[in-house]
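Here, residue 1 is the first one in the sequence, and each next residue gets the next number.
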Amino acid sequence: QVQLVESGGGLVQAGDSLRLSCAASGRTFSSYAMGWFRQAPGKEREFVATISRSGGSTYYADSVKGRFTISRDNANNTVYLQMNSLKPEDTAVYYCATNLGSYGSYWSHTYEYWGQGTQVTVSP
(Lines give C-alpha, C1' and ligand atoms only; values in the text may rest on other atoms or scores of the structure.)
Protein backbone atom coordinates (compact mmCIF):
# COMPACT_ATOMS: atom_id res chain seq x y z
CA GLN A 1 0.00 0.00 0.00
CA VAL A 2 1.25 3.47 -0.91
CA GLN A 3 -0.24 6.79 0.11
CA LEU A 4 0.36 9.83 -2.07
CA VAL A 5 -0.38 13.41 -1.07
CA GLU A 6 -0.05 16.24 -3.58
CA SER A 7 0.44 19.86 -2.64
CA GLY A 8 1.49 23.16 -4.16
CA GLY A 9 -1.47 23.95 -6.35
CA GLY A 10 -3.12 27.33 -6.47
CA LEU A 11 -4.39 30.25 -8.52
CA VAL A 12 -1.79 32.02 -10.65
CA GLN A 13 -1.66 34.24 -13.70
CA ALA A 14 -0.52 33.23 -17.14
CA GLY A 15 3.25 33.22 -17.32
CA ASP A 16 3.71 32.44 -13.64
CA SER A 17 5.30 29.36 -12.13
CA LEU A 18 4.23 26.73 -9.61
CA ARG A 19 5.96 23.77 -8.05
CA LEU A 20 3.85 20.77 -7.18
CA SER A 21 5.00 18.19 -4.67
CA CYS A 22 3.86 14.64 -4.12
CA ALA A 23 4.84 13.01 -0.84
CA ALA A 24 4.74 9.22 -0.69
CA SER A 25 4.52 6.88 2.26
CA GLY A 26 4.28 3.13 2.53
CA ARG A 27 6.33 0.87 0.33
CA THR A 28 9.81 1.83 -0.79
CA PHE A 29 9.46 4.94 -2.91
CA SER A 30 12.47 4.18 -5.07
CA SER A 31 10.86 0.96 -6.29
CA TYR A 32 8.36 2.97 -8.33
CA ALA A 33 8.56 5.09 -11.39
CA MET A 34 6.32 8.11 -10.88
CA GLY A 35 4.01 10.06 -13.08
CA TRP A 36 1.98 13.24 -13.12
CA PHE A 37 -1.41 13.42 -14.82
CA ARG A 38 -4.03 16.15 -15.00
CA GLN A 39 -7.74 16.41 -15.58
CA ALA A 40 -9.54 19.54 -16.66
CA PRO A 41 -13.30 20.00 -16.19
CA GLY A 42 -15.23 18.02 -18.77
CA LYS A 43 -12.10 16.38 -20.15
CA GLU A 44 -10.42 13.02 -19.73
CA ARG A 45 -7.39 12.62 -17.54
CA GLU A 46 -4.21 13.16 -19.53
CA PHE A 47 -0.56 12.32 -19.12
CA VAL A 48 1.80 15.12 -18.16
CA ALA A 49 5.19 13.64 -17.25
CA THR A 50 6.92 10.58 -15.88
CA ILE A 51 10.24 9.86 -14.22
CA SER A 52 12.13 6.60 -13.80
CA ARG A 53 12.88 4.95 -10.48
CA SER A 54 16.33 6.45 -10.29
CA GLY A 55 15.31 9.82 -11.70
CA GLY A 56 17.69 9.44 -14.61
CA SER A 57 15.02 9.23 -17.28
CA THR A 58 12.08 11.55 -17.87
CA TYR A 59 9.37 11.87 -20.50
CA TYR A 60 6.87 14.66 -21.14
CA ALA A 61 3.68 15.31 -22.99
CA ASP A 62 4.25 17.56 -25.98
CA SER A 63 1.93 20.17 -24.47
CA VAL A 64 4.26 20.75 -21.51
CA LYS A 65 7.68 19.92 -22.95
CA GLY A 66 10.13 22.74 -22.34
CA ARG A 67 7.91 24.33 -19.66
CA PHE A 68 7.50 21.60 -17.03
CA THR A 69 10.19 19.61 -15.26
CA ILE A 70 9.62 16.45 -13.25
CA SER A 71 12.14 15.45 -10.60
CA ARG A 72 12.32 13.24 -7.54
CA ASP A 73 14.07 13.00 -4.20
CA ASN A 74 14.21 9.36 -3.21
CA ALA A 75 15.74 10.17 0.17
CA ASN A 76 12.64 12.19 1.05
CA ASN A 77 10.06 10.10 -0.83
CA THR A 78 8.91 13.03 -2.91
CA VAL A 79 8.34 13.74 -6.57
CA TYR A 80 8.04 17.27 -7.93
CA LEU A 81 6.59 19.00 -10.94
CA GLN A 82 8.07 22.41 -11.66
CA MET A 83 5.69 24.29 -13.94
CA ASN A 84 6.92 27.42 -15.67
CA SER A 85 5.30 29.73 -18.23
CA LEU A 86 1.88 28.53 -17.20
CA LYS A 87 -1.01 28.93 -19.61
CA PRO A 88 -4.78 29.01 -19.00
CA GLU A 89 -5.01 25.63 -20.74
CA ASP A 90 -2.86 24.16 -17.95
CA THR A 91 -5.80 24.64 -15.57
CA ALA A 92 -6.69 21.23 -14.14
CA VAL A 93 -6.51 18.98 -11.12
CA TYR A 94 -3.03 17.47 -11.06
CA TYR A 95 -2.45 13.94 -9.79
CA CYS A 96 0.67 11.97 -9.04
CA ALA A 97 0.74 8.21 -9.34
CA THR A 98 3.04 5.21 -8.94
CA ASN A 99 4.13 2.85 -11.70
CA LEU A 100 5.74 -0.53 -11.12
CA GLY A 101 7.76 -0.29 -14.30
CA SER A 102 11.30 1.01 -14.25
CA TYR A 103 10.63 3.96 -16.53
CA GLY A 104 7.00 4.87 -16.09
CA SER A 105 4.45 5.11 -18.87
CA TYR A 106 2.19 7.37 -20.87
CA TRP A 107 -0.76 5.06 -20.12
CA SER A 108 -2.78 5.79 -16.98
CA HIS A 109 -3.94 2.20 -16.62
CA THR A 110 -0.37 1.16 -15.87
CA TYR A 111 -0.31 3.26 -12.70
CA GLU A 112 -1.30 1.63 -9.46
CA TYR A 113 -1.66 4.19 -6.66
CA TRP A 114 -2.99 7.72 -7.07
CA GLY A 115 -3.08 10.81 -4.92
CA GLN A 116 -6.17 12.91 -4.28
CA GLY A 117 -5.07 15.70 -6.60
CA THR A 118 -4.25 19.37 -6.28
CA GLN A 119 -6.01 22.15 -8.19
CA VAL A 120 -4.04 24.41 -10.50
CA THR A 121 -5.88 27.39 -11.95
CA VAL A 122 -4.21 29.74 -14.42
CA SER A 123 -5.98 32.99 -15.19
CA PRO A 124 -5.41 34.83 -18.51
**Q** Count the heavy atoms of every other residue, nucleotide or ligand shown that sit under 6.0 Å from OH of Tyr60, and state whether that count exceeds 12.
**A**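 Check passes, neighbour count above 12.
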**Q** Can you tell me if Asn84 and Ser17 form a side-chain donor-acceptor pair at under 3.5 Å?
**A**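 Per modelled atom types, Asn84 and Ser17 side chains form a pair under 3.5 Å.
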**Q** Please report the shortest heavy-atom distance between Gly8 and Thr118, naming the atom on each side.
**A**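 Of all heavy-atom pairs spanning Gly8 and Thr118, the closest is N-OG1, 4.2 Å.
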**Q** Given Thr50 and Met34, is the side chain to side chain contact (heavy atoms under 4.5 Å, CB included) satisfied, shown in steps?
**A** CA-CA 6 Å; Thr50 188; Met34 297 296 296; 5.9 Å; no
**Q** Atom CG in Asp73, atom OG in Ser21: separation rounded to 0.5 Å?
**A**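 Result: 10.0 Å between the selected atoms.
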**Q** Could you walk me through whether Arg38 and Asp90 pass the side chain to side chain contact (heavy atoms under 4.5 Å, CB included) check?
**A** CA-CA 9 Å; Arg38 66 187 182 185; Asp90 294 318; 2.9 Å; yes
**Q** Show the numbers, then the answer: is there a ring pair (Phe, Tyr, Trp, His ring centres under 6.0 Å) between Trp107 and Phe47?
**A** CA-CA 7 Å; Trp107 303 105; Phe47 169 78; 9.5 Å; no
**Q** Side chains of Val120 and Leu20: closer than 4.5 Å at any heavy-atom pair?
**A**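 Answer yes - side chains close enough.
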**Q** Apply the test salt bridge (charged side-chain N to carboxylate O under 4.0 Å, His left out) to residues Asp62 and Lys65: give CA-CA distance (whole Å), side-chain angles for both, the deciding distance (0.1 Å), then the verdict.
**A** CA-CA 5 Å; Asp62 287 343; Lys65 199 174 296 182; 3.1 Å; yes
**Q** Which is it for Tyr94 and Met83 under the side chain to side chain contact (heavy atoms under 4.5 Å, CB included) test, yes or no, and what are the steps along the way?
**A** CA-CA 11 Å; Tyr94 284 71; Met83 305 186 296; 3.9 Å; yes
**Q** Under the 3.5 angstrom rule, does the side chain of Ser52 hit a backbone N or O of Tyr103 as a donor-acceptor pair?
**A**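 Not at all, since once roles are kept as given, no pair shorter than 3.5 Å links the two residues.
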**Q** Examine Arg19 relative to Tyr80 and say whether NZ or CZ is less than 6.0 Å from the centre of the six-membered ring and inside a 45° cone about the ring axis.
**A**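 Arg19 over Tyr80 ring: yes.
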**Q** In this structure, would Leu4 and Leu100 fall into the same cluster of hydrophobic residues linked by side-chain contacts under 4.5 Å?
**A**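 Yes; Leu100 is reachable from Leu4 via cluster members.
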**Q** Count I, L, V, M, F, W, Y as connected when their side-chain heavy atoms are under 4.5 Å apart, and connections chain through other members. Are Val93 and Ile70 then in the same cluster?
**A**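 Val93 does not cluster with Ile70.
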**Q** Decide whether Trp114 and Trp36 are clustered together by the hydrophobic rule: side chain heavy atoms of Ile, Leu, Val, Met, Phe, Trp, Tyr closer than 4.5 Å, transitively.
**A**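 No, it is not one cluster - the side chains of Trp114 and Trp36 are not joined through contacts under 4.5 Å.
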**Q** Rounded to the nearest 0.5 Å, how far apart are OG of Ser57 and CD1 of Ile51?
**A**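 So the OG of Ser57 and the CD1 of Ile51 are separated by 8.5 Å.
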**Q** Testing the basics here: between Ala40 and Ala92, what is the closest heavy-atom pair and its distance to 0.1 Å?
**A**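 That would be N-CB, 3.8 Å.
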**Q** Under 3.5 Å, is there a donor-acceptor pair between the Gln3 and Ser25 side chains?
**A**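 Ser25 and Gln3 do have a side-chain donor-acceptor pair below 3.5 Å.
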**Q** With respect to Tyr111, which candidate in Tyr106, Tyr95, Phe37 satisfies the ring pair (Phe, Tyr, Trp, His ring centres under 6.0 Å) definition?
**A**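 The residue from Tyr106, Tyr95, Phe37 that satisfies ring pair (Phe, Tyr, Trp, His ring centres under 6.0 Å) with Tyr111 turns out to be Phe37.
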**Q** Quick one: do the Thr110 and Asn99 side chains pair a donor with an acceptor below 3.5 Å?
**A**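 Yes.
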**Q** Using the rule that two of Ile, Leu, Val, Met, Phe, Trp, Tyr join whenever any of their side-chain heavy atoms come within less than 4.5 Å, decide whether Tyr113 and Val79 are in one cluster.
**A**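 Hydrophobic grouping puts Tyr113 with Val79.
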**Q** Give a yes or no answer on whether the side chain of Gln82 reaches the backbone of Thr69 with a donor-acceptor pair at less than 3.5 Å.
**A**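 Checking the backbone N and O of Thr69 against the side chain of Gln82, no donor-acceptor pair under 3.5 Å is found.
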**Q** Is Leu86 close to Phe68 at the side-chain level, that is, under 4.5 Å between some pair of heavy atoms?
**A**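 The answer is yes, as the side chains (C-beta and beyond) meet within the 4.5 Å cut-off.
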**Q** Give me the one residue out of Leu18, Asp16, Val12 that meets side-chain contact (heavy atoms from CB on, under 4.5 Å) with Val122.
**A**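 Among Leu18, Asp16, Val12, the one that satisfies the side-chain contact (heavy atoms from CB on, under 4.5 Å) with Val122 is Val12.
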**Q** Assess, by modelled atom type and distance only, whether the side chains of Thr121 and Gln119 contain a donor and an acceptor separated by less than 3.5 Å.
**A**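 Note: Thr121 and Gln119 side chains meet the donor-acceptor criterion.
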**Q** Rounded to the nearest 0.5 Å, how far does CD of Glu46 lie from OG of Ser63?
**A**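 These two atoms lie 5.0 Å from each other.
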**Q** To check you understand the geometry: which heavy-atom pair defines the closest contact between Gly104 and Ala33, and what is its length?
**A**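 Shortest heavy-atom contact: N-CB, 3.2 Å.
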**Q** Begin from the C-alpha positions of Arg53 and Ser102 and carry the test side chain to side chain contact (heavy atoms under 4.5 Å, CB included) through to its verdict.
**A** CA-CA 6 Å; Arg53 293 174 181 172; Ser102 297; 3.6 Å; yes
**Q** Are there over 12 heavy-atom neighbours, none belonging to Glu44, within less than 6.0 Å of that residue's CD?
**A**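 No, CD of Glu44 has 12 or fewer neighbouring heavy atoms, counting only those of other groups under 6.0 Å.
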**Q** For residues Arg67 and Ser85, report the shortest heavy-atom separation together with the two atoms involved.
**A**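 Nearest pair, atom of Arg67 first, then Ser85: NH1-O, 3.0 Å.
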